[in-house]
Amino acid sequence: MQFAEFAARAAEIEAEPADLAVVSLLSDLFSDAGDDLPTVARFVQGRVFPAWDSTTLDIGPRLCHEAIARAAGPNVSADDVEDRLADRGEIGAVAASYDFGGQRGLAAFGSGEQDGLTVAEVDSELRALAAASGSGSEETKLKTLYGLFNRTDPDEARFLARLVLSEMRIGVGEGTVRDAVAEAFLVAPADAAAIRDDDADAETEAAARERRNEAIAAVARALQVSNDYGMVAGLARDEGEAGLDGVRLEVGRPVQAMLAQAGTAADALGEWGTAAVETKFDGARVQVHRDADGEVSLFSRNMEDVTDALPEVVEFVAGAVDDPVILDGEVVAMDDGGEPLPFQEILRRFRRKHDVDRMREEVRVELRAFDCLHAAGDDLLADPLAARHDRLTALLGDDSPAVSDLLLSDDPDEIAAYEADALDAGHEGIMLKNPDAPYSPGDRGKNWLKRKPDVETLDLVVTGAEWGEGRRAEFLGTFLLSARVEAESGDDAFETIGKVATGITDEELAELTDLLEPEIEREAGKEVDIRPSVVFEVGYEEIQTSPTYSSGYALRFPRFVTVREDKTAETADSLDRVERLADSQ
Ligand SMILES: Nc1ncnc2c1ncn2[C@@H]1O[C@H](COP(=O)(O)OP(=O)(O)OP(=O)(O)O)[C@@H](O)[C@H]1O
């Protein structure tokens with residue numbers, strides 16, 4: 001498929017306000033995509049790599065602006081691009097506003113043959129770009145990107161710019177892609193017609209809807225297990241539902257973590273009669289994969305590969321497990337006496353790429369596994385928690401400290417005593433889980449409840465900052481924070497809620513500046529806009545309603561706690577949560 005064709009269809013989808021019509025346009029695009037189907041299914045979501053793959057293009061706004069400026073000609077600088085961005089508000093519109101005068105024009109002038117970019121070419125160039133590393137890689141990336149922009153017309157440039165910055169924003173979320181895959185390849189045309197036809201009789205329509213829902217469920221299950229929209233789209237087309245049903249967990253390919261809601265023992269017992277009670281460890285979520293060759297890999301809750309940062313967990317698993325497995329757990333920091341250390345300590349180890357050996361001496365980490373998703377060829381997602389936990393104990397041993405103790409109880413007093421013990425031992429609280437529930441990846445449902453007495457903090461996204469003054473002039477100082485507003489389409493928005501400047505040491509300011517500077521989108525005097533990507537955990541006294549910030553709320557006495565390196569803008573706290581916390585104060 002020509003990239004121009006992809007861009008035209010993406011523009012059409014973006015302009016379509018009705019959700020059902022978007023699914024239908026997307027389904028047509030998938031049907032027409034031919035060999036490029038997997039790539040197109042990723043591109044519409046602003047992805048080059050599957051969701052499970054933590055490879056990134058690693059292109060910050062600055063690099064993208066520079067590439068656009070180069071392609072736009074010698075009189076255009078990255079600053080000009082940023083000025084236009086301030087005017088137009090969106091990188092796609094900025095890219096489309098320049099005339100890159102690409103090769104398409106030349107080709108049309110010469111042979112008349114089409115020499116435009118193809119979807120496959122854009123994909124392979126971006127993949128090559130992602131693989132560039134080490135010294136000189138910035139320049140390589142810039143050249144590749146410049147080369148691509150140079151060959152685009154304005155419509156293509158719009159979507160290329162958005163794709164490289166992972167900001168596709170055409171109103172296509174994961175649910176839309178799921179429904180469109182089902183509609184394109186699994187729903188019979190007669191059923192699709194019956195659902196659309198206002199005059200279809202009720203029984204026919206209900207039966208058609210049921211079949212459509214079954215098809216969507218088959219796609220959803222395959223996506224949960226694989227986190228690969230491209231592969232699932234291809235399978236749905238080539239092998240139908242039978243192909244999707246055959247998708248299995250693959251050791252080495254992470255799945256999304258099951259999440260928890262806040263809740264109490266009374267909630268748990270009222271709902272399930274008996275609750276599975278566990279310690280809530282104050283660490284970082286880790287998914288452990290050990291393949292048939294004994295190779296161990298570790299992933300964060302964002303499915304990012306953190307294997308190299310945690311060698312002692314790798315060594316422990318390699319020594320303790322003989323079968324291929326996927327385990328879910330928490331990695332915790334311990335002091336020399338085996339007491340748990342605060343969460344901030346584990347963050348000094350997690351995702352670390354340098355000085356791992358030195359840090360290993362400073363902060364000791366251990367695994368606390370609490371779930372087993374796969375063991376020795378068996379996928380266990382659909383099994384009840386109690387059975388999965390038995391499997392975990394069988395693997396690691398009954399009294400292994402690496403396995404969470406699981407208490408099955410229907411007695412509120414017993415649960416209260418368990419909670420008191422957990423807190424006494426320095427843990428964060430307890431988890432209450434439905435012992436009969438399956439493992440539902442990515443789901444923050446009611447089957448896992450978390451209970452912690454600590455004052456609440458918020459995980460907010462940094463969307464702006466101000467350069468400091470005097471001896472802090474080289475550092476970003478005051479940080480503007482935003483809460484996430486979930487959109488059906490998947491294009492989250494971010495609404496401001498406050499600024500934080502308290503609780504940060506000079507050393508931290510330098511680190512935060514290094515972290516945030518590449519994400520700067522615009523500068524005006526001392527103020528900068530920052531691409532939503534870094535998450536701060538922030539404490540506060542109270543949440544107030546306030547007209548000062550776009551969320552309608554403000555934080556009283558906000559203070560910086562830590563950078564949530566294990567979170568991304570998409571997993572930061574939502575405005576809904578802020579509202580709930582404000583209501584419950
Ligand atoms: N025994 C356990 N079972 C499940 N999760 C646990 C357990 N012990 C600790 N956890 C951690 O608790 C997290 C859920 O609660 P918490 O609110 O602390 O996390 P969060 O990252 O701040 O928020 P959230 O996960 O709700 O977005 C899990 O993601 C996991 O990392």
Side-chain angles (χ1 to χ4, degrees), residues 254-263 268 275-288 298-304 306 313 327-333 340-344 346-347 350 365-373 385-386 388-389 392-393 401-408 415 418-419 421-423 425-435 437 439-461 483-484 486 535-539 561-574 576-578 580-581:
V255 280
Q256 289 185 44
M258 182 165 174
L259 299 171
Q261 289 186 3
V277 191
E278 281 178 343
T279 300
K280 184 175 193 308
F281 304 102
D282 195 9
R285 190 78 173 259
V286 69
Q287 198 174 94
V288 176
L298 307 174
F299 299 93
S300 74
R301 60 176 274 167
N302 302 322
M303 302 192 289
E304 190 181 351
V306 291
V313 178
L327 310 179
D328 190 5
E330 194 86 347
V331 53
V332 291
L341 289 169
F343 176 64
Q344 278 85 331
I346 187 69
L347 286 185
F350 211 67
V365 301
E366 285 183 14
L367 174 69
R368 296 289 175 266
F370 47 72
D371 217 315
C372 180
L373 280 47
L385 164 70
R388 298 196 310 272
H389 198 274
L392 180 64
T393 332
V403 181
S404 70
D405 280 334
L406 187 142
L407 167 76
L408 285 174
I415 297 178
Y418 192 97
E419 182 174 1
D421 285 351
L423 293 173
H427 298 297
E428 206 189 4
I430 53 168
M431 299 292 297
L432 298 153
K433 300 181 180 175
N434 178 354
Y439 190 98
S440 32
D443 184 24
R444 190 186 293 286
K446 290 202 165 75
N447 283 323
W448 283 18
L449 302 177
K450 55 188 180 188
R451 178 157 168 74
K452 48 180 177 180
D454 269 2
V455 271
E456 294 286 355
T457 54
L458 281 168
D459 296 332
L460 298 168
V461 183
R484 183 171 54 90
E486 285 171 56
V535 178
F536 281 9
E537 182 174 343
V538 179
V561 178
T562 192
V563 177
R564 287 295 304 253
E565 300 239 13
D566 57 333
K567 286 203 164 184
T568 58
E570 293 74 34
T571 50
D573 277 322
S574 64
D576 279 352
R577 170 147 199 262
V578 172
R580 280 199 305 275
L581 287 171

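Both counts, for ligands and for their atoms, begin at 1 and track the order of listing. For this chain, numbers begin at 1 and follow the sequence in order.
Residues passing the side-chain contact (heavy atoms from CB on, under 4.5 Å) test with Ala369 are Leu367, Leu392, Leu396, sequence neighbours excluded. Residues satisfying the ring pair (Phe, Tyr, Trp, His ring centres under 6.0 Å) test with Phe536, not counting sequence neighbours, are Phe479, Phe560. The side-chain contact (heavy atoms from CB on, under 4.5 Å) test applied to Gln256 returns Asn227, Met303, Pro441, not counting sequence neighbours.
A donor-acceptor pair is defined here as one N or O able to donate and one able to accept, closer than 3.5 Å; such a pair exists between the side chain of Ser300 and the backbone of Asn302. Although no hydrogens or angles enter the test, the distance criterion places no donor-acceptor pair under 3.5 Å between the side chain of His389 and the main chain of Pro435.
For the pair Met431 and Phe370, the minimum side-chain heavy-atom distance is 4.5 Å or more.
Contact residues for ligand 1 (protein heavy atom closer than 4.0 angstrom to any ligand atom): Leu259, Ala260, Glu278, Thr279, Lys280, Phe281, Arg285, Arg301, Glu330, Phe370, Glu428, Met431, Lys433, Arg444, Trp448, Lys450, Lys452, Asp459, Arg564, Lys567.
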